[in-house]
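Ligands are counted one by one from 1 in listed order, and the atoms in each one are counted from 1 as well. What's counted below: heavy atoms across the whole structure, side chains too, no hydrogens, waters or symmetry copies. On a predicted model such as this, the values are computed, not experimentally measured, just so you know.
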Amino acid sequence: MQYDASLAGLSRWRIGGPADAVVTPRTRRELVETVAYLRSRDVRHVVIGDGSNLLFDDAGFRGVVVRTGQALDGFEIVGGGVVRAGAGLWVPCFVRNVIDNALSGAVHAIGIPGRLGGLVVMNGGSQRRGIGDNVVSVDVLDHDGVERRIPRDALDFSYRASRLQTSGAVVLAAEFAFEPGDRTAMQQEAIAILRSRRAKFPRVRQNCGSVFVSDPALYAMIGPPGLAIERAGLKGLRRGGAQISPDHANFIVNNGDALSADVLALIAIARDRVAALTGIRMLAEVRHLDPFGGLRPAHEVCGSADAASQEPDNHERLVRNS
Ligand SMILES: Cc1cc2nc3c(=O)[nH]c(=O)nc-3n(C[C@H](O)[C@H](O)[C@H](O)COP(=O)(O)OP(=O)(O)OC[C@H]3O[C@@H](n4cnc5c(N)ncnc54)[C@H](O)[C@@H]3O)c2cc1C
């Protein structure tokens, strides 16, 4: 247990003030007992994976952050194309294990930097796929302290969303069903996906991947969110230490000293300007943790850029990248 620990080191954005404490359990039992203890004492807490889809607040978090990881990193072939894996398993390792067992359906997730629990909660994926398509059931420590196996039908998977985002349950493990596949062909596909991601996505500056989820109406009108943000003239826009990536406009990068307020301001600006252009208000995939445990999509906390730009101090900090 680390007290008064910086959250910046736990987020891919390297942003965030201190948490009262951070704990990284070493076994599944330790994790379950830790969460049960915190619940029994009514201690505010949040369970996270690798922080690759999380914006921590500049004011930090008045509670305990519990990290999955080695506590839940198992991988087991059940048979008949069914695989069981722990919520702390690193996603690219999970995908490689699935491929090594000549099972197909997970390759799209090869380049996603996060833990399997986070991937399931976020219904993450790429190439317009989500891991929820392959989920059979999810083992959780439920909000009432009971361990349950929840079938896929009860999880309401939709594009980058699932019921697990609001249920308060801790994901411990999940079962997935895959089809038989050609190992060599899948390995080649994985390499091609990784190459294409390396070419498209910013690599030098810290970021949390795509900020906004794709919207079908926006897609039909212009394309993915990155293209819409670019068409709105915002590629490269800076706010404090944060910047809409000059490489890919659906990414916001930390140029070194970004604050969560800077990122939220850019999210607000992008939403407002794309709405002015298209009539569609984009929704954020990235989730913001407030100091008192509120965990919600970042657009729900960022307000309107037009209001923010009325403040002289904020306005001065809007500088276009030349
Ligand atoms: C460079 C980069 C590229 C990315 N590319 C993609 C992509 O192509 N596709 C994609 O979908 N995503 C992408 N992401 C986003 C991110 O990697 C995924 O959403 C990832 O699966 C999140 O996993 P995590 O362990 O980091 O979750 P975190 O960010 O730690 O958490 C995300 C949410 O899940 C909750 N959570 C995490 N673990 C648990 C658990 N065990 N029990 C209950 N709740 C839990 C957290 O509380 C939080 O609400 C990218 C991110 C980066 C930085």
**Request:** Using a strict cut-off of 4.0 Å, indicate which atoms of ligand 1 neighbour a heavy atom of Asp50.
**Result:** 24 (P), 25 (O), 26 (O), 30 (O)
**Prompt:** In the protein, what heavy atom is nearest to atom 42 (N) of ligand 1, and what distance, to one decimal place, separates them?
**Reply:** Val171 N, 2.8 Å
**Heavy-atom nearest neighbour in the protein, as seen from atom 10 (C) of ligand 1, with distance rounded to 0.1 Å** = Gly125 O, 3.4 Å
**Message:** Quick check on Gln165 - does any of its heavy atoms sit under 4.0 Å from an atom of ligand 1?
**Reply:** no
**Item:** Mode of Leu295 contact toward ligand 1 - side chain, backbone, both, neither (heavy atoms, under 4.0 Å)
**Value:** side chain
**Atoms of ligand 1 close to Gly51 [distance to a heavy atom under 4.0 angstrom, numbered from 1]** = 26 (O), 28 (P), 29 (O), 30 (O)
**Asked** Between the side chains of Asn255 and Arg205, is a donor N or O closer than 3.5 angstrom to an acceptor N or O?
**Response** yes
**Request:** Please state which part of Ala169 comes within less than 4.0 Å of ligand 1, counting heavy atoms only: side chain, backbone, both or neither.
**Result:** backbone
**Message:** What protein heavy atom lies closest to atom 22 (C) of ligand 1? Include the residue and the distance to one decimal.
**Reply:** Ser52 OG, 3.3 Å
**Message:** With respect to Ser210, determine whether any N or O atom, backbone or side chain, lies less than 3.5 Å from an N or O atom of ligand 1.
**Reply:** no
**Prompt:** Does ligand 1 have an atom that lies less than 4.0 angstrom from a heavy atom of Gly88?
**Reply:** no
**Asked** Just which atoms of ligand 1 are under 4.0 Å from any heavy atom in Cys208?
**Response** 51 (C), 52 (C), 53 (C)
**Asked** Going by heavy atoms, is Ile112 under 4.0 Å from ligand 1?
**Response** yes
**Request:** Taking only heavy atoms of Gly124 into account, list the atoms of ligand 1 that are under 4.0 Å away from them.
**Result:** 11 (O)
**For Met122, the ligand 1 atoms whose distance to one of its heavy atoms is below 4.0 Å** = 19 (O), 33 (C)
**Request:** Starting from atom 19 (O) of ligand 1, locate the nearest protein heavy atom and write down its residue, its atom name and how far away it is, to 0.1 Å.
**Result:** Asn53 ND2, 2.8 Å
**Request:** Taking the six-membered ring of Tyr219 (Phe, Tyr or Trp), confirm whether the NZ or CZ of Arg128 is under 6.0 Å from its centre and within 45° of its axis.
**Result:** yes
**Message:** Taking distance alone, with N or O pairs closer than 3.5 Å, would you say Arg115 contacts ligand 1?
**Reply:** yes
**Complete:** Which of Val98, Ile131, Val138 passes side-chain contact (heavy atoms from CB on, under 4.5 Å) with Phe176? Answer is Ile131
**Prompt:** Can you check whether Phe61 and Phe56 have ring centres sitting under 6.0 Å from each other?
**Reply:** no
**Item:** Element-labelled atoms of ligand 1 that are located less than 4.0 Å from some non-hydrogen atom of Gly209
**Value:** 2 (C), 3 (C), 4 (C), 50 (C), 51 (C), 52 (C), 53 (C)
**Asked** Side-chain donor-acceptor pair under 3.5 Å between Asn123 and Ser162, yes or no?
**Response** no
**Message:** What protein heavy atom lies closest to atom 46 (C) of ligand 1? Include the residue and the distance to one decimal.
**Reply:** Val47 O, 3.4 Å
**Proximal atoms of ligand 1 relative to Gly114 (non-hydrogen, under 4.0 Å)** = 23 (O), 24 (P), 25 (O), 26 (O)
**Item:** Protein residue, atom and distance nearest to atom 8 (O) of ligand 1, heavy-atom basis
**Value:** Arg197 NH1, 2.9 Å
**Complete:** Nearest non-hydrogen protein atom to atom 1 (C) of ligand 1, with distance, is Asn207 OD1, 3.5 Å
**Asked** To which protein heavy atom is atom 49 (O) of ligand 1 closest, and what is the distance rounded to 0.1 Å?
**Response** Arg287 NE, 3.0 Å
**Fill in**
Near Arg160 (heavy-atom distance under 4.0 Å), the atoms of ligand 1 are 11 (O)
